[in-house]
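Quick one: this structure, given as structure tokens, is what I'll be asking you about.
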Amino acid sequence: MGSENKKLNDSFFQRDRLVVAPELVGKLLVHQLPSGERLSLRITETEAYGGAEDTACHAHRGRTPRTELLYGPAGVIYVYLCYGIHWLLNIITGEEGSPQGVLIRACEGAEGPGRLTKALGITGALNGGRLSDGILTVVDDGMRCEIVPDRRVGIGYASEEDQARLWRFKMGKNLSSVE
DNA sequence: TTAGTGATATCC
DNA sequence: GATATCACTAAA
């Protein structure tokens with residue numbers, strides 16, 4: 001068959017978050033556990049964050065130790081603990097020095113940012129790592145689907161203008177004949 | 001609707 | 001040092 005499992009490299013993530021976020025939908029997220037076990041789930045929902053004008057982005061209020069990663073090179077894994085309970089998974093995109101990234105919001109069978117990381121066993125231990133390390137990778141298995149844009153959620157503190165942006169991308173109709 | 005949970009940022 | 005806030009989820 002023509003479908004090859006292609007691991008996405010850093011150059012994929014070096015583009016703008018608004019290009020990367022929709023393209024990540026439908027890809028496979030693969031986590032290699034320390035135990036040797038391998039978990040993989042298909043990404044169904046992402047959100048783009050970043051840019052100087054985005055008041056919803058963590059980095060908007062200034063460069064701090066926590067947001068430092070957002071300014072770093074693409075392909076870096078940014079895991080952040082939210083509400084003391086949930087790990088949220090992001091991947092840094094764009095050029096170094098430009099604070100931006102993509103939040104992986106949901107996977108097949110794990111709807112919601114907190115559930116996703118729980119299902120894949122992702123914790124702060126991965127924070128600051130790189131996709132090229134091979135622990136956590138994104139794979140294109142050839143699956144194609146419709147992309148449905150929507151407003152971002154959970155960012156009530158951002159400006160109305162930023163809340164209205166259609167920077168959330170969900171999986172739509174499956175366009176592949178096989179999965 | 002609200003409780004739970006802990007890191008981070010901001011204020012004294 | 002203290003408080004407020006948060007890109008969430010589950011339970012009621």
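By convention in this document, chain letters (A, B, ...) are assigned in the order of the sequence lines, proteins followed by strands, and residues within each chain are numbered from 1.
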Quiz prompt | Flag, side chain of R105(A) to backbone of G112(A), donor-acceptor distance under 3.5 Å | solution =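 No, R105(A) side chain to G112(A) backbone: no donor-acceptor pair under 3.5 Å.
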Practice problem: Name the closest nucleotide to the R61(A) side chain, picking from dG4(B), dT10(B), dG6(B). | Solution: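 Comparing dG4(B), dT10(B), dG6(B) against the side chain of R61(A), the answer is dT10(B).
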Quiz item: Between dC8(C) atom P and H58(A) atom NE2, what is the distance in whole Å?
Solution: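 Value for this atom pair: 9 Å.
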Self-check item: Row check, F12(A) ring normal vs R15(A) NZ/CZ: under 6.0 Å, within 45°
Solution: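 Relative to the ring axis of F12(A), which defines the angle, R15(A) lies inside both limits.
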Quiz item: If you check the R115(A) side chain, which of dC8(C), dA9(B), dT9(C) turns out closest?
Solution: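 Between dC8(C), dA9(B), dT9(C), the one nearest the side chain of R115(A) would be dT9(C).
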Practice problem: Measure from CG on N127(A) to C1' on dA7(B) and round the result to the nearest Å. | Solution: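 It works out to 12 Å between those atoms.
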Quiz item: OH of Y49(A) versus C1' of dC6(C): gap in Å, rounded?
Solution: 11 Å
Quiz item: Between R130(A) and D10(A), is there a side-chain N and carboxylate O pair less than 4.0 Å apart?
Solution: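 D10(A) and R130(A): salt-bridged.
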Quiz item: Within this structure, what is the NE2-to-P distance between H86(A) and dT8(B), rounded to whole angstrom?
Solution: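 It is 17 Å, rounded to the nearest whole Å.
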Self-check item: Watson-Crick or G-U wobble mate for dT5(B), both contacts under 3.5 Å
Solution: none
Quiz item: Expressed in angstrom and rounded to an integer, what is the separation of Y83(A) atom OH from dC8(C) atom P?
Solution: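 Value for this atom pair: 6 Å.
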Quiz item: Once you round it to whole Å, what is the distance between C1' of dC8(C) and CZ of R168(A)?
Solution: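 Interatomic distance, CZ of R168(A) to C1' of dC8(C): 14 Å.
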Quiz item: Judged by atom type as modelled, is there a donor-acceptor pair below 3.5 Å linking the side chain of T67(A) to the main-chain atoms of G62(A)?
Solution: yes
Quiz item: Which part of the nucleic acid, if any, lies within contact of L103(A), taking any heavy atom under 4.0 Å across all strands shown: a base, the sugar-phosphate backbone alone, or nothing?
Solution: base
Quiz prompt | d(CG, L70(A); C1', dT8(B)) in whole Å | solution = 14 Å
Exercise. Name the closest nucleotide to the I85(A) side chain, picking from dC8(C), dG4(B), dG6(B).
Key: dG4(B)
Self-check item: Within 45° cone of Y71(A) ring axis and under 6.0 Å: R63(A) NZ or CZ
Solution: yes
Practice problem: Give a yes/no answer on whether the side chain of R105(A) brings an N or O atom under 4.0 Å of OP1 or OP2 in dC8(C). | Solution: yes
Exercise. Return the nearest nucleotide to the side chain of P113(A); candidates are dA9(B), dT5(B), dT9(C).
Key: dT9(C)
Exercise. Check every atom of dG6(B), dC8(C), dA9(B) against the side chain of P65(A) and return the nucleotide holding the closest atom.
Key: dA9(B)
Quiz prompt | Atom-pair distance (CG on L69(A); P on dT8(B)), nearest Å | solution = 11 Å
